[in-house]
Colleague: 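Please see the structure below; I have some questions.
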Amino acid sequence: MTTTTAAEALHQPLTLREGIVLRNRLAKGALSESLARRDHSPGSRIKNLYRRWADNGLGLIITGNVMVDRRAIGEPGNVVVEDDSAFADLVEWAQIIKSGGAAAWAQINHPGRQAPRTLTPQPVAPSAVALPGAGGMFAEPRELTVAEIEEIIARFATTAGILIRAGFDGIQIHGAHGYLVSQFLSPLANQRTDEWGGTPENRRRFVLALVRAIRAEIGPDVALAIKLNSADFQRGGFNEDESLDVVRALAAEGIDLLEISGGTYSSAAMLGVDPTLKESTRRREAYFLDYAERVRAELPDLPLMLTGGFRTAEAMNDAVASGAVDLIGLGRPLTVEPDVPGQLLDGTVTASTVKPKRSGIRLIDSLTELTAYTVQMWRMADGREPAPRRHPAFNVTAYLIRNGRDSVRVGRRGL
Ligand SMILES: Cc1cc2nc3c(=O)[nH]c(=O)nc-3n(C[C@H](O)[C@H](O)[C@H](O)COP(=O)(O)O)c2cc1C
């Protein structure tokens, strides 16, 4: 691969710490594949998809969210890892991801209240507060007991340990986008008065406990990262100042990489849907670059990945060359242009052409974005190429036909 000026900084290897090196600065952000088998093991379709991505030049590939509890499903077709029952399958999945030279990290998650009622009829959460603005898709959650909180922490550690034994090079905690970790951090979602809520210190106790429990399980040699919101983009919610305090605490725990994102699925700033995203942010291509610069100024030694909005080699390269961030995360571009990382690196293309189609209605736009890109991943899982020019309505219909069927099936089983 020849180095072009436009992408020069993107070619540089990244040493997170001794022994943990990524070959370049382009990473695949987590994309929920909705492709697992009925028993929530990864299966062959997910492996086909990652085979398609494995040779595309990325330095790091992070899986879509893998759930830690089969009673708590965030999207139809989530992979769940609770025990060794699908171990051989996980080993093969990790091998495929790494086969082209990228590092393979698994993202692990618990959806808490952000779990569709068809999949998780009785969700659990820090407090019995329903997700606002989600049009009745999510049931009101039940408040977790302290014993259940401790059990979930142990589950995260167990899942992480199994994935590392299966051959993954690292673990990323999903601490963003309104799932359980975000819910604990949010003053709106977490209204507890015990040691797990009430003050900012208590609200961040859960994520810090996760980091310690997972590190104890996976040992010191593999990467442990977290994806965190800069803010939830909800009035009175988790904001940038508080996010920065959480980052300081995570850095003190010795995390290897912080990935910065933002928003929840009812206000999908991570997909650029939220109208309150600052105009300066939009102009800079990457949605959360201003916040990343704040983190960098405060914690210059903490490796940073930034995901959301990057499309041109120039903006990606500038973000790294300026020292603002270390790693560029790509999501939607990879679902429609699976070869784009290598092309950006060797200068064959100067930008991804992905452009969201917008109706202006926030919830509809958030869901259309997700379904349209999920359907593209399914095409690759079936050995076909993406079809980015198809009308969004076609993709949404394809999604509903397949996942409507799955949701009814799972709902009847009473997960
Ligand atoms: C279909 C789809 C599924 C996603 N699943 C996840 C996920 O499992 N975990 C996660 O942290 N982010 C998830 N995201 C968010 C992406 O990782 C990324 O933050 C977002 O797409 C913005 O980056 P982009 O502008 O490059 O697409 C998902 C996004 C899409 C479109």
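Counting starts at 1 for both ligands and their atoms, following the listed order. What's counted below: heavy atoms across the whole structure, side chains too, no hydrogens, waters or symmetry copies.
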Colleague: May I ask which of M67, E285, H177, E75 has a heavy atom nearer to atom 15 (C) of ligand 1 than the others do?
Modeller: H177
Colleague: Does the distance from a Lys or Arg side-chain N to an Asp or Glu carboxylate O, for E33 and R45, drop under 4.0 Å?
Modeller: no
Colleague: I want to confirm something. Looking only at heavy atoms, which of G331, A30, G29 is nearest to atom 17 (O) of ligand 1?
Modeller: A30
Colleague: Regarding E259 and T307, is there a side-chain donor-to-acceptor distance under 3.5 Å anywhere?
Modeller: yes
Colleague: Number the atoms of ligand 1 from 1 as they appear, then name those within less than 4.0 Å of a heavy atom of L330, with their elements.
Modeller: 26 (O)
Colleague: Among all protein heavy atoms, pick out the one at the shortest distance from atom 21 (O) of ligand 1; state its residue, atom name and that distance to 0.1 Å.
Modeller: L271 CD2, 3.4 Å
Colleague: Could R296 and D301 be called an ion pair, given the rule that one side-chain N must be under 4.0 Å from one carboxylate O?
Modeller: no
Colleague: With a 4.0 Å heavy-atom cut-off (strictly under), which part of A176 contacts ligand 1: side chain, backbone, both or neither?
Modeller: neither
Colleague: Quick test of your reading of the structure: of G175, S32, A372, whose heavy atom lies closest to atom 3 (C) of ligand 1?
Modeller: S32
Colleague: Just so I know, are the side chains of W378 and L49 near enough to count as touching, which here means a heavy-atom distance under 4.5 Å?
Modeller: no
Colleague: Report the relative orientation of the aromatic rings in F184 and F206; use parallel for angles under 30°, tilted for 30 to 60°, perpendicular for over 60°.
Modeller: parallel
Colleague: Evaluate the side-chain proximity of L250 to V211: yes if any heavy-atom separation is below 4.5 Å, no if none is.
Modeller: yes
Colleague: Using a 4.0 Å heavy-atom threshold (strictly under), name the region of L31 that reaches ligand 1: side chain, backbone, both or neither.
Modeller: both
Colleague: Under 3.5 Å, is there a donor-acceptor pair between the S261 and H177 side chains?
Modeller: yes
Colleague: Going by the atom numbers of ligand 1, which of them fall below 4.0 Å from some non-hydrogen atom of R332?
Modeller: 21 (O), 24 (P), 25 (O), 26 (O), 27 (O), 31 (C)
Colleague: Out of all atoms in ligand 1, which are within 4.0 Å of some heavy atom of G309? Include the element for each.
Modeller: 24 (P), 25 (O)
Colleague: Which is closest to atom 18 (C) of ligand 1 in terms of heavy atoms, I260, N78, T307?
Modeller: T307
Colleague: Does the side chain of N317 pick up a donor-acceptor pair with the side chain of E314 at under 3.5 Å?
Modeller: no
Colleague: At under 4.0 Å between heavy atoms, which part of K227 makes contact with ligand 1: side chain, backbone, both or neither?
Modeller: side chain
Colleague: What protein heavy atom sits nearest atom 11 (O) of ligand 1, and how far off is it?
Modeller: Q107 NE2, 2.8 Å
Colleague: Of the protein's non-hydrogen atoms, which lies at the shortest distance from atom 8 (O) of ligand 1, and what is that distance?
Modeller: N65 N, 3.1 Å
Colleague: Among protein heavy atoms, which sits nearest to atom 20 (C) of ligand 1, and what does the distance come to when rounded to 0.1 Å?
Modeller: M270 O, 3.6 Å
Colleague: Compute whether any side-chain donor of one residue and acceptor of the other, for S352 and E337, lie under 3.5 angstrom apart.
Modeller: yes
Colleague: For the residue pair E75 and S32, confirm or rule out a side-chain donor-acceptor distance under 3.5 Å.
Modeller: yes
Colleague: Compare every heavy atom of G236 with every heavy atom of P187, then report the nearest pair and how far apart it is.
Modeller: CG-O, 3.4 Å
Colleague: Note the single closest protein heavy atom to atom 2 (C) of ligand 1, along with its residue, its atom name and the distance in Å.
Modeller: L370 CD2, 3.6 Å
Colleague: Heavy-atom pairs closer than 4.0 Å: do any link ligand 1 to the side chain of R311, the backbone, both, or neither?
Modeller: side chain
Colleague: I need the atoms of ligand 1 closer than 4.0 Å to a non-hydrogen atom of P333, numbered in the order shown.
Modeller: 26 (O)
Colleague: What atoms of ligand 1 come within less than 4.0 Å of a heavy atom belonging to T374?
Modeller: 1 (C)
